[in-house]
Amino acid sequence: WYKMNKIIKEDIETIAKDIMPEAKKFSGKTVLITGGAGFLGQYFISVLDYLNKNTFEKPCKIISADNFITGVKYWVKESETFRAIKHNVKDPLTINEPIHFIIHAAGIASPKFYRIYKIETIDVATLGTKNMLELAKEKKVESMVVFSSSEVYGDPDPRFIPTPETYNGNVSCTGPRSNYDESKRLSEALSRAYYETYNIPVKLIRPFNAYGPGIRLDDARVIPNFVSFALEGKPIPVYGLGNHTRTFCYITDAMTGFFKVLLSTYEGESFNVGDDNFEVSITELANITKEVLKEHNGSIIEVAHVQGMNDAYASADPKRRCPDLTKVKSKTGYSPKVDIKTGVKRFLIWAEEEIKKWKLSYFAVEKVQD
């Protein structure tokens with residue numbers, strides 16, 4: 001699907017610069033990434049590949065494991081420093097060489113896909129996490145991150161917004177999102193147990209709506225959804241009142257935060273990573289997308305309030321999602337920089353090039369807003 005385009009190249013360079021000099025810890029080491037063909041995995045591989053080519057005296061070795069249930073073709077070609085394995089992490093993984101860092105980014109994060117692959121979503125977050133923790137124990141890794149989710153908070157009590165890591169969540173264990181939410185909660189419990197029992201240097205990351213070039217345009221989450229409609233000249237669909245709010249974190253900020261947590265020494269701890277500067281309603285986001293498109297090519301499109309899905313999914317949709325980033329800022333120096341309008345503009349320009357290049361219409365049968 002994707003070849004490296006100008007915007008993605010710029011973003012990879014930005015991330016690489018933002019994580020120096022700590023990233024020198026990767027030089028000469030081996031990094032295993034699960035879910036390497038996914039949205040975040042591609043960036044982890046590409047940033048390390050960029051550092052290999054431009055910074056490290058001794059390159060790091062990158063190993064990616066992915067079963068391609070939702071992943072796409074790798075951006076980086078296989079080489080002496082990059083090896084790709086087709087593997088489902090719900091099964092144990094044997095690696096016959098040292099591993100110094102593990103990034104467990106495998107997971108099914110889009111509601112469109114985790115509603116289809118219900119059991120697989122649970123498997124990757126639970127069995128997959130356990131298998132990676134076992135591998136970390138065997139290899140005595142220097143550091144490991146497990147990707148949890150801001151969904152572990154469910155629909156937070158208004159008194160806990162912005163939401164700190166200490167908030168225990170308001171989550172249904174049998175609701176329409178439960179296969180995703182509860183398996184992520186268990187992945188954190190497993191990680192914490194391995195830290196306390198075996199001293200595994202694992203950190204937990206709770207991302208808040210990371211987006212950017214490279215996310216599948218048929219992913220059906222709200223930004224790819226809005227941009228897909230806008231570029232087709234169709235009204236941007238806002239389900240229901242559109243008054244639920246979110247914060248969206250552009251990929252350069254998100255990845256910088258993820259790397260900073262991985263390279264830190266805060267073992268067994270959970271970290272929110274996101275943007276706390278721009279909490280916007282879904283309707284406001286639709287209007288920002290409309291404005292960006294008009295500035296970009298002069299097109300004027302409408303925002304349409306449409307009937308949402310009739311299933312229980314919509315009723316489980318959190319009303320607000322906004323992170324308290326005090327912990328990650330104070331402990332790692334993380335600081336998000338990209339405002340929502342700039343991020344949407346970069347995403348739209350990238351998406352337009354992709355659609356032209358592949359002559360595709362990215363309209364999914366069903367659209368889900370998250």
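Nothing fancy with the numbering, it's 1 onward along the sequence. Given the structure is predicted, the values throughout are model-derived calculations rather than measurements.
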Counterpart residues, side-chain hydrogen bond (donor to acceptor under 3.5 Å, both in side chains), relative to Lys53 (two or more places apart): Asp49
Val124 with Val152, same ILVMFWY side-chain cluster at under 4.5 Å: no
Glu279: partners by salt bridge (charged side-chain N to carboxylate O under 4.0 Å, His left out), with sequence neighbours left out: Arg320
Salt bridge (charged side-chain N to carboxylate O under 4.0 Å, His left out) partner of Arg206, the single match among Glu151, Glu188, Glu165: Glu188
Gap between atom CG of Leu204 and atom CZ of Arg192 - 0.5 Å precision: 9.0 Å
side-chain hydrogen bond (donor to acceptor under 3.5 Å, both in side chains) involving Lys337 - partner list, sequence neighbours excluded: Asp18
Qualifying residues under side-chain contact (heavy atoms from CB on, under 4.5 Å), relative to Lys260, sequence neighbours excluded: Glu22, Thr256, Thr332, Tyr334
Intermediate values then yes/no, side chain to side chain contact (heavy atoms under 4.5 Å, CB included), Phe259 and Val145: CA-CA 9 Å; Phe259 272 113; Val145 286; over 6 Å; no
Qualifying residue, where the test is side chain to side chain donor-acceptor pair (under 3.5 Å) with Tyr250 and the options are Asp11, Thr14, Asp339, Asp275: Asp11
Ser150 OG to Arg321 CZ distance, which is reported to the nearest 0.5 Å: 4.0 Å
hydrophobic_cluster_shared for Leu325 and Ile15, side chain cutoff 4.5 Å: yes
Residues in side-chain hydrogen bond (donor to acceptor under 3.5 Å, both in side chains) contact with Asp324, at least two apart in sequence or another chain: Thr326
For Asn52 against Pro59, the heavy-atom pair lying closest together: OD1-CA, 3.1 Å
Nearest-0.5 Å distance, OG of residue Ser148 to CG of residue Asp181: 9.5 Å
Parallel, tilted or perpendicular, as decided by the 30° and 60° cut-offs, for the rings of Tyr167 and Tyr153: tilted
Salt bridge (charged side-chain N to carboxylate O under 4.0 Å, His left out) partners for Lys17, two or more places apart: Glu13
Residues which pass side-chain hydrogen bond (donor to acceptor under 3.5 Å, both in side chains) with Ser79, listed by chain and number, not counting sequence neighbours: Thr81
Carboxylate-amine/guanidinium contact Lys319 Asp155, below 4.0 Å: yes
Lys203 side chain vs Ser264 backbone, donor-acceptor pair below 3.5 Å: yes
Listed once per pair and sorted, the ring pair (Phe, Tyr, Trp, His ring centres under 6.0 Å) pairs that draw on residues 171-206, sequence neighbours left out: Tyr114-Tyr180, Tyr194-Tyr198
Qualifying salt bridge (charged side-chain N to carboxylate O under 4.0 Å, His left out) pairs, either residue in residues 78-88, two or more places apart: Arg83-Glu97
Ring pair (Phe, Tyr, Trp, His ring centres under 6.0 Å) partner of Trp75, chosen from Tyr50, Tyr43, Phe82: Tyr43
Stepwise side chain to side chain contact (heavy atoms under 4.5 Å, CB included) check, Val76 with Leu48: CA-CA 10 Å; Val76 172; Leu48 291 170; over 6 Å; no
Heavy-atom check, side chain of Glu354 versus side chain of Lys357, under 4.5 Å: yes
CA sep, side-chain torsions, deciding dist, call: Met132, Leu93, side chain to side chain contact (heavy atoms under 4.5 Å, CB included): CA-CA 8 Å; Met132 288 306 112; Leu93 178 62; 4.1 Å; yes
Pairwise side-chain contact, Met144 with Pro201, heavy-atom cut-off 4.5 Å (strictly under): no
Shared hydrophobic cluster, Ile349 / Tyr211 (ILVMFWY, side-chain heavy atoms < 4.5 Å): yes
Euclidean distance, Thr283 OG1 relative to His244 NE2, rounded to 0.5 Å: 10.5 Å
From CA spacing to verdict: side chain to side chain contact (heavy atoms under 4.5 Å, CB included), Glu352, Asn297: CA-CA 11 Å; Glu352 184 179 52; Asn297 65 14; 4.0 Å; yes
Partners passing salt bridge (charged side-chain N to carboxylate O under 4.0 Å, His left out) against Asp276 (at least two apart in sequence or in another chain): Lys329
Cluster overlap Ile12 with Val338, hydrophobic side-chain contacts below 4.5 Å: yes
Side-chain (Asn272) to main-chain (Thr163) donor-acceptor, under 3.5 angstrom: yes
Leu32 side chain near Leu135 side chain, heavy-atom distance below 4.5 Å: yes
Sequence-distant partners of Glu269, salt bridge (charged side-chain N to carboxylate O under 4.0 Å, His left out), two or more places apart: Lys327, Lys331
Show which side-chain atoms of residues 62-69 pair as donor or acceptor with protein atoms under 3.5 Å away, not counting sequence neighbours.
| residue | atom | partner | partner atom | Å |
| --- | --- | --- | --- | --- |
| Ser64 | OG | Tyr74 | OH | 2.6 |
| Asp66 | OD1 | Phe68 | N | 2.6 |
| Asp66 | OD2 | Gly36 | N | 3.4 |
| Asp66 | OD2 | Ala37 | N | 2.9 |
| Asn67 | OD1 | Ile69 | N | 3.3 |

Any Val171 side-chain heavy atom under 4.5 Å of Arg177 side chain: no
Distance (rounded to the nearest 0.5 Å) between Leu293 CG and Leu348 CG: 5.5 Å
Distance, nearest 0.5 Å, that separates CD of Gln42 from NZ of Lys73: 11.0 Å
Lys/Arg-Asp/Glu bridge criterion (N-O < 4.0 Å) met for Lys294, Glu291: no
